[in-house]
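Below you'll find the structure, written out as structure tokens, and then a few comments.
Note that the numbering runs from 1 along the sequence shown for the chain.
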Amino acid sequence: MARTWLHLTSSIIVCALICFNFFTVDAKDHHPRPMLLPLQLTSRNHSQQRHLDNIRRHLQQSGLSSSTPNARMRLYDDLLSNGYYTTRLWIGTPPQEFALIVDTGSTVTYVPCSSCAHCGKHQDPRFQPDLSSTYQPVKCNPSCNCDDEQKQCTYDRRYAEMSSSSGVLGEDIVSFGNESELVPQRAVFGCENRETGDLYSQRADGIMGLGRGQLSIVDQLVDKSVIGDSFSLCYGGMDVGGGAMVLGKITPPPEMVFSHSDPFRSPYYNIELKEMHVAGKRLKLPTGVFDGRHGTVLDSGTTYAYFQKDAFVAFRDAILREVDSLKRVRGPDPNYDDICFSGAGRDVSQLSKSFPEVEMVFNNGNKLLLSPENYLFRHTKLIGAYCLGIFANAESTTLLGGIVVRNTLVTYDRDNDRIGFLKTNCSELWRRVKISGAPAPAPSVSQSNDTNLEIPPASAPSGSPANVLPGSFHIGFITFDMSISTNDSKLKLNFKELGQLISKELEVDNSQVRLLNVTSKGNDYLVRWGIFPTSSASYISSSTALSIILRLRDHRLQFPERFGNYKLVEWNAEPQRKSSWWRHHLLAVVLGCIITLSLSAIGIWLVIRHRQQSVTAYEPVASPTPEQELQPLQT
């Protein structure tokens, strides 16, 4: 689901905040809908309050230690299949796990509540406040809207595509996973009682709000002085998906380019885009075309990019001039007039041979290079065909969605009012990123269905599956059945490549992943895989097995788009079989038997031969010798 999560904020204290609405992009069709950009009226009091907040946070940040921990989190899903990226967040004691869309355009984090009267079926079970020993409702007070009984604070978010989320505010322990250095923290979040539209039908459980605002998870952690006033996002490429997120400061690489971001212009993250170049040629555009109304806004919850009409026409025409050797084809959906091309081939790394490079030039002169995957999306019905992921916007605001920052590390340096960009491999970044030297919290295994099991709030959960016992155990091998549905009936799956991708995602050696069985019918495949110990080991360790099982259970494997959609049917972990004395010493016994039999055979052969020689040498007592027979009888 592609969405600009710029919301309608509720009134807080005395200030009346105005509506912020973006129209959304329908991820199921992967096409744009008309955009309605937010209208913001900033009162003098509101600007002064934000300025005071900025001064307070700068004073807080100046006292932070350089070794302040960070929350390092992995991203899942991808733009084409889902229209969004998610991360995993755990709420409560014991922890309850949720898949949340990371959204820089939203200022509240919310999940479906167990009491929700109108919530859809999502990836994980609803949050159950009664099962958390650390949950507390946010009591009604003058700084919030209250429920009908005037007991608990509420929130209400409405979106221009007619979806909405509303519920009550609660506070609980929030955990960031075992990759995080940051220990779990108390935070306020929304517990949904009603959701409509795309929020109701999406697979993800809810939203993780990263925008500027008192309820934003970033603002709450910064106000507690547990992280630096910064966070970073890195979205995977066209064929892979996934990526990384870091809440807190990181040391910016020397190659990172920055643009100023004005926090007083709007509560959303903007950059100062001056001009664009296509194939090294500057687009002829009016001065300030990217500075209309709200400027150029970055929104991680939006799939594609939307330019002011003149800028879109100039960009489209420049691309068309550079790709005149490619064939224009119809888009995947006849209801939309997409601009698509065929003949560029399937290999994303070779797209630069067919499509031009694009440069974004900031006011300070810095340039961000965009590769073809940053403005194209794959045609879902034609192999080797691609469509423009940049669309016209009726309003003057420029909106940059996730497609523009594929394989780009984006650092939202709020402390210094700037946003940085660095081209990199985001699908690998979560494994490589190095933050501070603080040790990670020790993982704890929990049974999600065991309400009597208490998890210390200072521990990050890992969520063990119900049929895997906690503690140290040895696994002989793991099998899992995977159903795969491809978009093209003519396309044959490359199981060797798929096995290599599985080993990469599960972080095991290629030799450990084996194809056991395949059945197919049309575009659908049922594939059985096995994960075995390395050649130098007789079992899979408990930590490795648990990591593999959790990733399988949570559908965290990311495959290129050409492999279609997959679903885990079932998995099974076989414990290491305890070998008997005979199994342990079988080789020695066999060798001993062979040697014994060989020596016995040699001994028998020697005895038989000796006996044969003895029989041959025996002579009767009265038998004459040859000499005696030849001598004449003497008288």
request  = Begin from the C-alpha positions of Phe480 and Ile531 and carry the test side chain to side chain contact (heavy atoms under 4.5 Å, CB included) through to its verdict.
outcome  = CA-CA 9 Å; Phe480 60 95; Ile531 311 296; 3.9 Å; yes
inquiry  = Assess whether a salt bridge exists between Arg328 and Asp338, defined as any Lys/Arg side-chain N lying under 4.0 Å from an Asp/Glu carboxylate O.
reply    = no
inquiry  = What's the separation between atom OG in Ser216 and atom CZ in Phe231, rounded to the nearest 0.5 Å?
reply    = 7.5 Å
task = Please confirm whether Tyr386 and Phe341 have ring centers closer than 6.0 angstrom.
result = no
inquiry  = Does the plane of the ring in Phe307 sit parallel, tilted or perpendicular to the ring in Phe290? Use 30° and 60° as the thresholds.
reply    = perpendicular
ask   = Do Met245 and Leu210 have side-chain heavy atoms sitting under 4.5 Å apart?
value = yes
inquiry  = Parallel, tilted or perpendicular, judged at 30° and 60°: which one describes the rings of Phe377 and Phe391?
reply    = tilted
task = With ring-ring contact (aromatic ring centres under 6.0 Å, His included) as the test, would you mind laying out the steps for Phe421 and Phe362 before giving the verdict?
result = CA-CA 12 Å; Phe421 303 87; Phe362 304 134; 5.7 Å; yes
note = Output for pair (Leu376 CG, Ile319 CD1), nearest 0.5 Å, gives 7.5 Å
ask   = Is there a donor-acceptor pair closer than 3.5 Å between any side-chain N or O of Arg212 and the backbone N or O of Tyr268?
value = yes
inquiry  = Hydrogens and angles aside, do Arg414 and Tyr269 bring a side-chain donor and acceptor to less than 3.5 Å of each other?
reply    = yes
ask   = So, are Glu359 and Lys281 salt-bridged, with charged N and O less than 4.0 Å apart?
value = no
message = Main chain of Val102, side chain of Ser300: is a donor-acceptor contact present, judged purely on distance under 3.5 Å?
response = yes
message = Quick one about Thr196 and Ser164 (side-chain donor to acceptor, distance below 3.5 Å, no hydrogens or angles considered), yes or no?
response = yes
query = For the side chain of Glu195 and the backbone of Gly120, is there at least one donor-acceptor N/O pair under 3.5 Å apart?
reply = yes
Validation row: Leu285, Glu275 side chains within 4.5 angstrom (heavy atoms) = no
message = With a 4.0 Å cut-off on N to O distance, would you call Asp415 and Lys249 a salt bridge?
response = yes
Student check: side-chain heavy atoms of Ile227 and Asn70 closer than 4.5 Å = no
query = Could you state the interatomic distance from CG (Leu199) to CZ (Arg157), rounded to the nearest 0.5 Å?
reply = 12.0 Å
ask   = Is the NZ or CZ atom of Arg418 both under 6.0 Å from the centre of the six-membered ring of Phe258 and within 45° of that ring's axis?
value = yes
request  = Examine distances only and state if a side-chain atom of His122 and a backbone atom of Asp124 form a donor-acceptor pair shorter than 3.5 Å.
outcome  = no
request  = Please answer whether the main-chain N or O of Pro332 pairs with a side-chain N or O of Lys381 as donor and acceptor at a distance below 3.5 Å.
outcome  = yes
ask   = Under 6.0 Å between the ring centres of Phe312 and Tyr306?
value = no
ask   = Thinking salt bridges, do Arg72 and Glu181 make one under a 4.0 Å N-O criterion?
value = no
key: Heavy-atom donor-acceptor pair, Ser503 side chain to Gln500 backbone, under 3.5 Å   = yes
inquiry  = Are Leu326 and Ser342 packed together at the side-chain level, in the sense that at least one heavy-atom pair is separated by less than 4.5 angstrom?
reply    = no
request  = Check for a donor-acceptor pair, side chain of Gln350 on one end and backbone N or O of Asp347 on the other, with a separation under 3.5 Å.
outcome  = no
ask   = Per the side-chain hydrogen bond (donor to acceptor under 3.5 Å, both in side chains) rule, which among Arg406, Glu357, Lys423 passes with Asn374?
value = Lys423
key: Atom pair CG/CD of Asn366 and Glu272 - distance to nearest 0.5 Å   = 11.0 Å
request  = Could you go through the salt bridge (Lys or Arg N to Asp or Glu O under 4.0 Å) check for Glu505 and Arg74 one step at a time?
outcome  = CA-CA 12 Å; Glu505 290 294 308; Arg74 185 174 180 180; 2.9 Å; yes
ask   = For the atom pair OH (Tyr412) and OG (Ser232), what is the distance rounded to the nearest 0.5 Å?
value = 9.5 Å
key: Whether Asp205 side chain and Gln123 backbone form a donor-acceptor pair below 3.5 Å   = yes
ask   = Taking the six-membered ring for Trp, are the ring centroids of Tyr304 and Tyr375 within less than 6.0 Å of each other?
value = no
message = Pair Ile548, Thr544 - check side chain to side chain contact (heavy atoms under 4.5 Å, CB included), show working.
response = CA-CA 6 Å; Ile548 291 172; Thr544 301; 4.0 Å; yes
request  = Measure from the side-chain N and O atoms of Thr109 to the backbone N and O of Gly209, and report whether any donor-acceptor pair falls under 3.5 Å.
outcome  = yes
message = One pair to check against side chain to side chain contact (heavy atoms under 4.5 Å, CB included): Val174 and Trp90. What are the steps and the verdict?
response = CA-CA 6 Å; Val174 175; Trp90 289 263; over 6 Å; no
ask   = Taking C-beta and beyond as the side chain, do Ile484 and Leu526 meet within less than 4.5 Å on heavy atoms?
value = no
note = CG (Leu283) and NE2 (His277) are apart, to the nearest 0.5 Å, by 7.5 Å
request  = Please check if any side-chain donor atom of Thr86 sits under 3.5 Å from a side-chain acceptor atom of Asp77, or the reverse.
outcome  = yes
request  = Taking Tyr85 for its side chain and Cys234 for its backbone only, find out whether a donor-acceptor pair lies under 3.5 Å.
outcome  = no
